[in-house]
Amino acid sequence: ACSAFSQKSCEECLKNVSCLWCYTNNTCIDYPVRSIFPPSSLCSLSNARWGVCWINFEALIIAMAVVAGLILVSITVCCCYCCYCRRRSRRRRLEEEEEQLARKREERRLQSLQRKHERKLKHDEIRKKYGLLQDSDNPYSRFENE
């Protein structure tokens, strides 16, 4: 069916996706689907047109390869960057958690010391009330029962 468009125009030939236009002899031929690229015996890549008439097959292949390469490189860079950021944020989060735990531990220690001091004061008041508090001048004084 593609050979019917030979000696007409490139636009008419390329309306059918399975056709390939060759500028060397102005022929419309079936695209060789068994090979990815058309062999040079059929038509040279610089003179072959497929899909659009304004760009040759050679430039089309190069452009597609460049675009595919850029996409692959950008995906790789994004993945590496995301992994690096995730690892860095995880490390930062762990450091923040450690700092928070250390602060809480210190607060609990200070509260414990404060409660211990308050208990000591309360016990001393009770001892003083019942006369059980020893003089600090003579700690070896005898305890007297009345």
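Bear in mind that the values here come from a model prediction, so they are computed numbers and not experimental data.
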Which value, rounded to the nearest 0.5 Å, describes the distance between E118 atom CD and L113 atom CG?
11.5 Å
Gap separating the CZ atom of R119 from the CD atom of Q114, nearest 0.5 angstrom
11.5 Å
Distance from R49 atom CZ to C13 atom SG, nearest 0.5 Å?
12.0 Å
Within-4.5 Å side-chain heavy-atom neighbours: S3 and I29:
no
Using residues 98-106 as the side-chain source, report each donor-acceptor pair under 3.5 Å to any protein atom, sequence neighbours left out, with the distance given to one decimal.
unit_1, atom_1, unit_2, atom_2, d
E106, OE1, R109, NE, 3.4
E106, OE2, R109, NH2, 2.6

Before giving the answer on disulfide bond (SG atoms under 2.5 Å apart), spell out for C10 and C53 the whole-Å C-alpha distance, their side-chain angles and the decisive distance to 0.1 Å.
CA-CA 6 Å; C10 176; C53 292; 2.0 Å; yes
Measuring only between side-chain heavy atoms, which start at C-beta, is P39 closer than 4.5 Å to P32?
yes
What pairs with D30 under salt bridge (charged side-chain N to carboxylate O under 4.0 Å, His left out), at least two apart in sequence or on another chain?
none
With Y130, which residues qualify under side-chain contact (heavy atoms from CB on, under 4.5 Å), at least two apart?
I126, L132
Partners meeting side-chain contact (heavy atoms from CB on, under 4.5 Å) with N47 (sequence neighbours left out)
Y23, T24, C43, S44
Pairwise side-chain contact, P38 with L20, heavy-atom cut-off 4.5 Å (strictly under)
yes
Measure the spacing between NZ of K8 and CH2 of W21 and express it to the nearest 0.5 Å.
10.0 Å
What orientation do Y31 and F57 show, parallel under 30°, tilted 30 to 60°, or perpendicular over 60°?
tilted
Test: D124 and K128 ion pair at under 4.0 Å:
no
Spell out, with a plain yes or no, whether C28 and C2 have SG atoms under 2.5 Å apart.
no
At what distance, to the nearest 0.5 angstrom, does CH2 of W50 lie from CD1 of I55?
12.0 Å
When the side chains of residues 58-78 are checked against the rest of the protein, which donor-acceptor pairs come out under 3.5 Å, sequence neighbours left out?
unit_1, atom_1, unit_2, atom_2, d
S74, OG, L70, O, 3.1
S74, OG, I71, O, 2.8
T76, OG1, L72, O, 2.8

The salt bridge (charged side-chain N to carboxylate O under 4.0 Å, His left out) partners of E107 (sequence neighbours excluded) come to none
Under a 4.5 Å side-chain heavy-atom rule over Ile, Leu, Val, Met, Phe, Trp and Tyr, are F37 and L42 clustered together?
yes
Looking only at atom types and distance, does a side-chain atom of T27 sit under 3.5 Å from a main-chain N or O of S6, one as donor and one as acceptor?
no
